[in-house]
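Reading through the structure tokens given below for one structure.
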Amino acid sequence: MPMSILKSLTVLLLTVANVCLLTTVSLSQKQRPNIIFIMSDDHGYQVVSAYNSRLKSVAPTPNIDRIARDGMRFDRCLVTNSLCGPSRAVLLTGKYSHLNGFIDNSGKPFDGSQPTFPKLLQQAGYQTAIIGKWHLVSTPTGFNHWEILNEQGQYYNPEFITEKGVHTEEGYVTDLITGKAIDWLKNQQKNGQPFFLMIHHKAPHREWEPALKYLRSFAGVNFPEPSTLFDDYSGRGRAAKEQKMTIASDMKLDADLKIWEDRSGPDYERTRARLNGSQGKIWDAYYDSVKNDFKTKNLSGQDLVRWKYQHYLHDYLSCIKSVDESVGQILDYLKSTGLDKNTIVIYTSDQGFYLGEHGWFDKRFMYEESYRTPLLIEWPGMIRPGAVNKDIVSNLDLAETFLDAAGIRIPADMQGLSLLPLLKGNTPANWRKEHYYHYYEYPVPHAVKKHYGISTSRYVLIHFYYDIDEWELYDLEKDPQELHSVYNDPAYRTVRDDLTKRLTDIRKFYKDESE
Ligand code: SGN
Ligand code: CA
């Protein structure tokens with residue numbers, strides 16, 4: 001064969017090879033999924049209707065439920081430290097609090113120079129963004145775009161922080177966050193890179209301030225009470241007895257239930273005082289009626305607790321109405337643009353919450369309602385619609401799951417597990433059988449004593465330390481409401497010994513030797 005033909009053939013072959021290569025690259029680029037991570041603040045799984053909530057008929061969450069219908073519902077998603085900032089730091093780093101350094105909300109800034117999954121996604125060509133609550137004191141790192149609420153954030157006419165500084169916007173926080181998220185998504189379609197978007201709601205965090213349009217959405221509704229509303233904590237230790245998060249004593253009539261005798265004080269300033277004239281009229285019309293009801297009924301004792309419970313749930317669930325609406329708007333937007341086909345959507349909360357169970361609001365404890373959090377994931381073509389997973393998973397696993405989904409190598413020092421096999425319906429035989437927890441913030445604001453512990457699918461062993469040294473053990477099969485610790489019950493001696501040893505081992509495994 002003459003040399004010139006050979007050369008042309010070689011060039012042709014190389015060109016074909018290059019085209020193939022290019023096609024492969026652009027195909028795999030294209031196939032890398034987009035990820036939308038929606039996280040609310042303090043949304044208890046027990047009031048999400050996909051979880052068969054006791055409030056399903058009166059306060060459903062139809063849009064959040066769409067993710068469960070089209071994807072997977074996780075029934076045992078546990079957090080490592082049931083508090084806002086710490087949960088977010090675990091999410092970003094895939095490491096327990098003692099290693100990522102953000103153990104409580106005391107104000108110490110998150111060290112944003114450490115490796116996080118958004119940085120790795122960004123390096124691999126993802127566009128990354130966070131919009132909404134951040135609560136980690138330092139400013140975000142690893143994001144192409146960020147617009148965060150100022151500290152805890154405000155519900156009405158809230159302040160946002162960007163690289164340019166702080167500004168205030170008129171409107172309701174959940175609606176504003178949603179609008180910003182959709183605006184950002186519109187720009188992503190133009191640049192063709194895969195994206196990762198975190199939509200972090202403030203709602204339904206205390207003090208549960210609803211959108212003005214939803215103030216009367218539950219008029220006449222009676223919210224079913226939990227059977228433990230009047231728990232006396234007799235089967236447990238000092239930690240459950242000495243906390244300060246009861247509806248009876250710690251829920252405030254003014255800040256929490258919006259009944260101010262005189263309109264003043266920091267709580268008033270950060271809520272009602274933020275409203276403008278016409279907004280204020282709508283608020284006053286509703287909360288004046290609540291105040292009148294309170295005065296007219298003149299309740300005390302258990303009747304007063306019941307009344308407070310009803311109004312607490314009214315405000316909390318009205319906040320959820322906006323969150324649910326927001327989820328619907330995001331899902332609709334994805335569908336209308338065709339983005340839904342290659343986008344993973346996750347809905348979760350930074351931790352669980354008490355909605356009157358044990359007479360409480362707030363979270364923090366390694367007891368079911370605050371320890372567990374909702375987790376719903378849809379991924380068209382990957383997850384079988386309507387799937388339910390009962391394995392022990394954790395917010396610790398999310399960083400690795402995102403990296404794995406994007407085809408990025410997972411750093412060896414991350415401490416979670418990718419959920420990818422579970423999403424495909426194949427739980428590995430060696431999947432974790434136990435989960436480790438450690439909570440540190442004491443005494444303010446809710447006097448929940450420091451504790452750590454281990455849980456399996458059936459048992460929870462907790463060690464309350466610091467100003468006390470008490471152990472509790474619960475058998476979730478026999479006592480799902482965790483009313484009677486069986487730590488000193490001889491019948492549980494073997495279980496107790498086994499779990500105590502496993503707790504020592506798991507603390508070593510996660511490198512947590514601290515107390
Ligand atoms: C505030 C709340 C507490 C809540 C913490 C932490 N009080 O201090 O009730 O436990 O935030 O919540 S409030 O009167 O200011 O609402 S977290 O979600 O940020 O961890
Ligand atoms: Ca929270």
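When a ligand or atom number is given, it counts from 1 through the structure's own listing order.
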[X]/[Y] ion pair, N-O < 4.0 Å:
X: Asp413; Y: Lys511; value: no
X: Glu207; Y: Arg270; value: yes
X: Asp293; Y: Lys295; value: no
X: Asp175; Y: Lys180; value: no
X: Asp42; Y: Lys363; value: yes
X: Arg236; Y: Glu470; value: no
X: Lys244; Y: Asp250; value: no

To 10 degrees, how wide is the angle OD1 (Asp42) to the Ca ion (ligand 2) to OD1 (Asp350)?
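With the Ca ion (ligand 2) as the vertex, OD1 (Asp42) and OD1 (Asp350) sit 90° apart.
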
Heavy-atom contact check, 4.0 Å cutoff: does Lys133 meet ligand 1?
yes

So is Arg364 close enough to ligand 1, meaning a heavy atom under 4.0 angstrom away?
yes

Angle class for the Trp283/Tyr287 ring planes (parallel below 30°, perpendicular above 60°, tilted otherwise)?
tilted

Angle class for the Trp471/Tyr452 ring planes (parallel below 30°, perpendicular above 60°, tilted otherwise)?
perpendicular

In ligand 1, which numbered atoms sit nearer than 4.0 Å to a non-hydrogen atom of [X]?
X: Lys363; answer: 4 (C), 6 (C), 10 (O), 12 (O), 17 (S), 18 (O), 20 (O)
X: Asp41; answer: 18 (O)
X: Arg270; answer: 13 (S), 14 (O), 15 (O)
X: Cys84; answer: 17 (S), 18 (O), 19 (O), 20 (O)
X: Leu83; answer: 20 (O)
X: His135; answer: 19 (O)
X: Asn105; answer: 6 (C), 17 (S), 19 (O), 20 (O)

Could you identify the single nearest non-hydrogen protein atom to [atom] and state the distance to 0.1 Å?
atom: atom 1 (C) of ligand 1; result: Gln152 NE2, 3.9 Å
atom: atom 7 (N) of ligand 1; result: Arg206 NH1, 3.4 Å
atom: atom 8 (O) of ligand 1; result: Pro445 CG, 4.1 Å
atom: atom 9 (O) of ligand 1; result: His446 NE2, 2.7 Å

Got a sec: is Gln351 within less than 3.0 Å of the Ca ion (ligand 2) via an N/O/S atom?
yes

Quick check on the 6.0 Å ring-centre criterion: do Phe218 and Phe223 meet it?
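Yes, close enough.
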
Aromatic centroids of Tyr371 and Phe365 separated by under 6.0 Å:
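No: the rings miss the under 6.0 Å criterion.
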
Shortest-distance N, O or S atom of Asp41 relative to the Ca ion (ligand 2)
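Nearest N/O/S atom: OD1.
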
Using a plain distance cutoff, I'd like to know if Lys252 has any nitrogen or oxygen under 3.5 Å from a nitrogen or oxygen of ligand 1.
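Between Lys252 and ligand 1 (N or O atoms, distance only) the closest approach is not under 3.5 Å.
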
Return a yes/no value for Asp362: is any of its N or O atoms, backbone included, closer than 3.5 angstrom to an N or O of ligand 1?
yes

Assess Lys449 against Tyr442: is NZ or CZ under 6.0 Å from the centre of the six-membered ring, and within 45 degrees of the ring's axis?
no

Does Asp256 approach ligand 1 within less than 4.0 angstrom via side chain, backbone, both or neither, non-hydrogen atoms only?
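Looking at Asp256 and ligand 1, no heavy atom falls under 4.0 Å.
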
